[in-house]
Protein chains: 2
Amino acid sequence: MKEIEQRLTENGVRPTAMRILIYKYMAESEVAIALTDIENAFAKADRTTLFRTLKTFEQKGVVHQIDDGTGVQKYALCETGCNCELEQDLHLHFHCNNCNETVCLTEHKIPNINLPEGYVAEDANLVLKGICEKCSAQ
Amino acid sequence: MKEIEQRLTENGVRPTAMRILIYKYMAESEVAIALTDIENAFAKADRTTLFRTLKTFEQKGVVHQIDDGTGVQKYALCETGCNCELEQDLHLHFHCNNCNETVCLTEHKIPNINLPEGYVAEDANLVLKGICEKCSAQ
DNA sequence: AATTGTAGTGCAACGGAAGTGCATTTATTG
DNA sequence: CAATAAATGCACTTCCGTTGCACTACAATT
C-alpha cells in the first residue's frame, strides 16, 4: 500500500484513495485493462473519474496506453524505469482472439524499421494477434 | 472503368454503380480511407451502404482494414495478388501526426517475431507514427 | 482553527462511430 | 413476366470517449 502511494507521489500524482485502488487493481491484473473493466470492478466509481485518472496516470508515466485493435483503449502499468516515450522502450503487445485479453510482452521490443526517405517515426505500435499461452494450453 | 468491374467480379463482388464509385474513390486516393471520408465524398450515399460495402470488400479481399490507432477504422485497396490473410503479406502502415493521414508502406513487411512458448500469432499489425514525407518536406 | 484556493470527484449530457432490423428497391434467373 | 435473391436506404441502438459544470475534499496560508 505504502509502495503504491510512494510510486504515485514519485510520478507527481497525488495518491488519493480512488487512485490507489485503481493502481492496485491494475497491478493485480496481468492483462491490459479497459476503462470498462475498472468500471465493472468498482461499481460505485464514476466513469469520468476513472477516465481522468487514467489520463493523469498516462501523462505522468504511470501507465501506457495500448491500442490492441479492438477499438477499445486499454492501459497497463509502466514498469519501474519504463520510459514509454523513448522509441527503444516500445515493447509489443499480444491480443488473444480467443479470450480477448491483451498482454504486454515487455521483453520483446519492436524491431527497428528503415523507413523511406522523408518519413520520421516518433512512435510505433505493434500488436500480434492469435492465441495466447493460456488458451493454447487448453 | 471496365477494369474495376472486372476486378470486383473476379473477387466475387457484384459490381454495382455504388461499389464501382467507392472502388474508384479509393483507387484515386493514396491514403487509407475512413467510412466518413467516403460519406463526405458522396453526400447522397447512405452510411449503411458504405459500411456494408466496405465489409463486403474486406471479406472478399478487395480491401484490407487498417487500425492506425486513431480509433477510426480505415481501409485501403489490396494490391493485385495481395493475400492479406497470409502473415508474410502483412505490410506496415504509417500514420502522420501532422496531416493525420495513414498510408500503406506495402514494400515494408512486418519483421518476424519470436514469440514466447505457447503463443501462436495469426495476425499482426504494425503502425509507425510520426511525420510523413509530404509534411516533412514543408 | 478559519479561510481561501486548487485538485479531485460525480452527474449529466454530447458526439462520433460501429452496428442491426426491417422495409424497399434493384438486379438475376428460371 | 414472375419469383427470388441481393443491394440499398431509413431509423434506431449501443458503446465508448469526452466535456461542462457543480460540488467536495484536501492543502496551504494567515
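Quick note on labels: first sequence line is chain A, next is B, and so on, each numbered from 1.
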What is the distance from NZ of Lys55(B) to P of dA7(D), rounded to the nearest Å?
16 Å
Rounded to whole Å, how long is the line connecting atom CG of Leu54(B) with atom P of dG19(C)?
11 Å
Strictly by modelled atom types, are His93(A) and His108(A) linked by a side-chain donor-acceptor pair under 3.5 Å?
no
Any chance you could lay out the ring pair (Phe, Tyr, Trp, His ring centres under 6.0 Å) test for Tyr119(A) and Phe94(B), step after step, and finish with the verdict?
CA-CA 9 Å; Tyr119(A) 287 88; Phe94(B) 188 91; 4.9 Å; yes
Using a strict 4.0 Å threshold on nitrogen-to-oxygen distance, state whether Arg7(A) and Glu3(A) make a salt bridge.
no
On a heavy-atom basis, which atom in Glu117(A) and which in Glu133(B) lie closest, and how many Å separate them?
O-CG, 3.8 Å
Just the rounded figure in Å: distance from C1' of dC16(D) to CG of Asp68(A).
14 Å
For nucleotides 4-17 of chain C, 5' to 3', base contacts (B), sugar-phosphate-only contacts (S) and non-contacts (-) with protein non-hydrogen atoms under 4.0 Å give ---SSBBBB----S
Between Leu21(B) and Phe42(B), which heavy-atom pair has the shortest distance, and what is it?
O-CZ, 3.8 Å
Do other residues, nucleotides or ligands put more than 12 heavy atoms under 6.0 Å from the NZ atom of Lys60(B)?
no
Please report the end-to-end axis angle for the helix from dA1(C)-dT30(D) to dG30(C)-dC1(D), five pairs per end, rounded to 10 degrees.
20°
For Phe51(B) and dT13(D), what is the distance between atoms CZ and P respectively, to the nearest whole Å?
18 Å
Examine the side chains of Thr102(A) and His95(A) and answer whether a donor and an acceptor come within less than 3.5 Å of each other.
yes
Can you check the Ile38(B) CD1 to dT8(D) C1' distance for me, whole Å?
15 Å
Modelled atom types, side-chain donor and acceptor of Gln73(B) and Asp67(B), under 3.5 Å
no
Quick one: Glu39(A) CD to dG17(D) P, roughly how many Å, whole number?
10 Å
What integer distance in Å separates Leu50(B):CG from dG19(C):P?
14 Å
